[in-house]
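As structure tokens, the structure follows; a few thoughts come after it.
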Amino acid sequence: MINEIQLQLTPPVPFSFSGTVGSHGWVDLLPNAWDAETKSMRRVEKLSSGKVVKLIIFEECKEEVTPVIGVNVESQGILLEHEITEIRTRVSDMLRLDEDLSEFYSLCARRGAPWDKITKGLGRMLRAPTFFEDVVKTICTTNVQWGGTKGMVKRLVEVYGEPYPNDETMHTFPSPEIIATAPFDDFHGYVRMGYRSDYVHLLSKRIASGELDLESIKTSSLPTSELKKQLLSIKGVGNYAAANLLMLIGRYDELAIDSIFRTYMRERYFKGVLPSDKEAALIYDDWGKWKYLAYWFEIWEYYNNQSPPQSEQSS
DNA sequence: TTCCAGGGGTAGA
DNA sequence: TCTACCCATGGA
């Protein structure tokens, strides 16, 4: 029996739902999917109890001053209270509703236009409910075009994710345990991640065996430099990937220097001449611990306000 | 066919 | 710390 309930979450004020869900390309990577018509994000989740549920996340009551996030939950059978609590926690975590950006907003307000746009509720970068998913997806963004990233993640989810019982075309993001138990040759052949499949398979095995507690990094209070060291110790994670992952856990003091960053800096600040990475990074030095968010907003503005550079329409 | 993408690992200096 | 070289994959 299909059971449907609707949950409501109260985000902080200000909060931009579209600005958060479309903050970067993550909404386009399965199991996430954006429905432009209903302006909602869809996702299948496997709860700790083992139940697989479908979530549709959207913004309610746009005319109201206080925003409300609606979550339609579809499941087989009635959900227990602790399962509902878990869904709330995961959605809140993805949308980063608990993150305090007030200091960053104050800085932006003082700088005036265009930075004051951020204070309308931008700056919350969509993430996955698990750090494992974010790390795997980040590895899949390295040295590949965005279409390639989407393909790798799609194959990973569709082959190794758990299907949603009421619609088997939809899947969860696979657990480390599932990937770890898959023979490497099969995994490599199915997901076609190139050399990245070694990194993802090894990471999964380390987590499944208990050798690595990846999720603890997400909530650690250690200094950013220490967390960066831990991230760099993961095979497949270099400086770019580590900075991207630090951003996803609320540490914005590092810039993710990739081809997008270099192209942007060359065009915007260095008159067509490619600067060194160090020279380019100095542009954001006075943003202190908010460098990443400042850079990301600026590049967003530069490339047509809405779409991330060199990405297909993703939000 | 060649280039290169939201780079990273490794060896050697 | 820096550089050179190699690394699968697939779109342009």
Side-chain angles (χ1 to χ4, degrees), chain A residues 22-30 32 125-128 133-159 179 184-206 212 225 228-249 251-252 254-268 274-281 283-284 291-304 306-315:
Chain A
S23 51
H24 61 138
W26 254 215
V27 70
D28 273 344
L29 298 180
L30 289 179
N32 296 336
M125 307 287 282
L126 185 70
R127 66 182 173 188
E133 182 177 328
D134 280 334
V135 174
V136 170
K137 285 179 171 174
T138 298
I139 288 173
C140 290
T141 65
T142 58
N143 199 25
V144 68
Q145 291 177 335
W146 185 243
T149 299
K150 289 206 290 187
M152 286 186 251
V153 173
K154 181 174 188 285
R155 291 187 290 273
L156 178 67
V157 167
E158 292 183 344
V159 176
I179 297 173
F184 176 76
D185 288 344
D186 290 351
F187 179 76
H188 183 66
Y190 284 131
V191 298
R192 301 206 305 277
M193 290 180 179
Y195 56 81
R196 301 167 198 82
S197 54
D198 291 275
Y199 304 147
V200 173
H201 200 256
L202 176 63
L203 175 67
S204 302
K205 286 198 293 186
R206 290 182 67 201
L212 175 65
S225 58
K228 187 180 179 186
K229 277 185 200 166
Q230 293 186 16
L231 292 170
L232 289 174
S233 74
I234 298 169
K235 278 205 177 189
V237 174
N239 283 323
Y240 152 78
N244 193 63
L245 291 166
L246 286 170
M247 171 275 283
L248 290 171
I249 58 177
R251 309 294 183 102
Y252 306 108
E254 296 262 347
L255 293 167
I257 295 179
D258 55 12
S259 58
I260 290 179
F261 175 83
R262 295 190 180 103
T263 301
Y264 172 65
M265 296 309 289
R266 187 186 63 203
E267 286 180 15
R268 172 77 190 272
L274 187 66
S276 71
D277 291 344
K278 280 186 179 176
E279 195 179 5
I283 297 287
Y284 300 96
K291 291 184 190 73
Y292 192 112
L293 289 183
Y295 153 63
W296 195 248
F297 170 74
E298 195 182 61
I299 195 171
W300 208 263
E301 283 279 294
Y302 188 71
Y303 293 102
N304 72 36
Q306 290 298 323
S307 303
Q310 299 175 22
S311 162
E312 295 149 25
Q313 286 296 69
S314 64
S315 51

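Just so it is clear, the structure is predicted and the values come from calculations on it, not from any experiment. Every chain is numbered from 1, with letters handed out A, B, ... down the list of sequences.
- If you take NZ of A:K150 and P of B:dG6, they are 12 Å apart, rounded to a whole angstrom.
- Following rounding to the nearest Å, A:D185 (CG) and C:dA8 (P) show an atom-to-atom distance of 13 Å.
- Mapping A:V237 and A:V144 onto DNA chain B by nearest heavy atom places A:V144 closer to the 5' end of the strand.
- Stacking of the aromatic ring of A:Y240 onto the base of B:dG8 is not found under the criterion of centres within 5.5 Å and planes under 30°.
- Here A:Y240 pairs with nothing under the ring pair (Phe, Tyr, Trp, His ring centres under 6.0 Å) rule; sequence neighbours left out.
- Dashed line: the shortest gap from a side-chain N or O of A:T142 to OP1 or OP2 of B:dA5 is not under 4.0 Å.
- For the residue pair A:D258 / A:Y264, no side-chain donor-acceptor distance below 3.5 Å is found, with atom types taken as modelled.
- In this structure, A:Y199 and A:M247 both approach DNA chain B, and ranking their closest nucleotides by distance from the 5' end singles out A:M247.
- Across all strands, A:L29 comes closer than 4.0 Å to no nucleic acid atom at all (heavy-atom distances).
- A:I257 places none of its side-chain heavy atoms less than 4.5 Å from the side chain of A:N239.
- A gap of 25 Å separates the P atoms of B:dG6 and C:dC2, to the nearest Å.
- Using a 4.0 Å heavy-atom criterion, one finds that A:F261 contacts no nucleic acid atom at all.
- A sub-4.0 Å separation between OP1 or OP2 of C:dC7 and a side-chain N or O of A:K235 is absent.
- The distance from atom CZ of A:R262 to atom P of B:dG7 is 7 Å, rounded to the nearest whole Å.
- The two residues A:Y199 and A:K235 come nearest to each other via the heavy atoms CB-O, 3.4 Å.
- Among all heavy-atom pairs drawn from A:C140 and A:R196, the shortest one is CA-CD, 4.2 Å.
- What separates OH of A:Y264 from P of B:dA5 is a distance of 19 Å, to the nearest Å.
- In this structure, A:N143 places its CG atom 15 Å from P of C:dC6, rounding to the nearest Å.
- Here A:D277 pairs with A:R262 in a salt bridge; the nearest charged N to carboxylate O distance falls below 4.0 Å.
- Between A:I260 atom CD1 and B:dG6 atom P the separation is 5 Å, expressed in whole Å.
- Heavy atoms of A:A256 sit nowhere under 4.0 angstrom from any nucleic acid atom.
- A heavy atom closer than 4.0 Å to some atom of DNA chain B occurs in A:Y195, these being the qualifying members of residues 186-197 of chain A.
- Atom name P, nucleotides C:dA8 and B:dA11: the rounded distance is 16 Å, in whole Å.
- Using a 4.0 Å heavy-atom distance criterion, A:N244 is classed as a base contact.
- Residues A:A242 and A:L232 come closest through the heavy atom pair CB-CD2, 3.9 Å.
- Residue contacts for A:G236: at a heavy-atom cut-off of 4.0 Å it reaches the sugar-phosphate backbone alone, with no base atom in range.
- Between A:E254 and A:K291, no side-chain nitrogen of the basic residue sits less than 4.0 Å from a carboxylate oxygen of the acidic one, so the salt-bridge criterion is not met.
- Note on A:K278: only backbone sugar-phosphate atoms sit closer than 4.0 angstrom, heavy atoms only; bases stay farther off.
- At whole-Å resolution of the value, CG in A:N239 and P in C:dT1 are 10 Å apart.
- Here the C1' atom of nucleotide B:dG6 and the CG atom of A:L126 are 16 Å apart, to the nearest Å.
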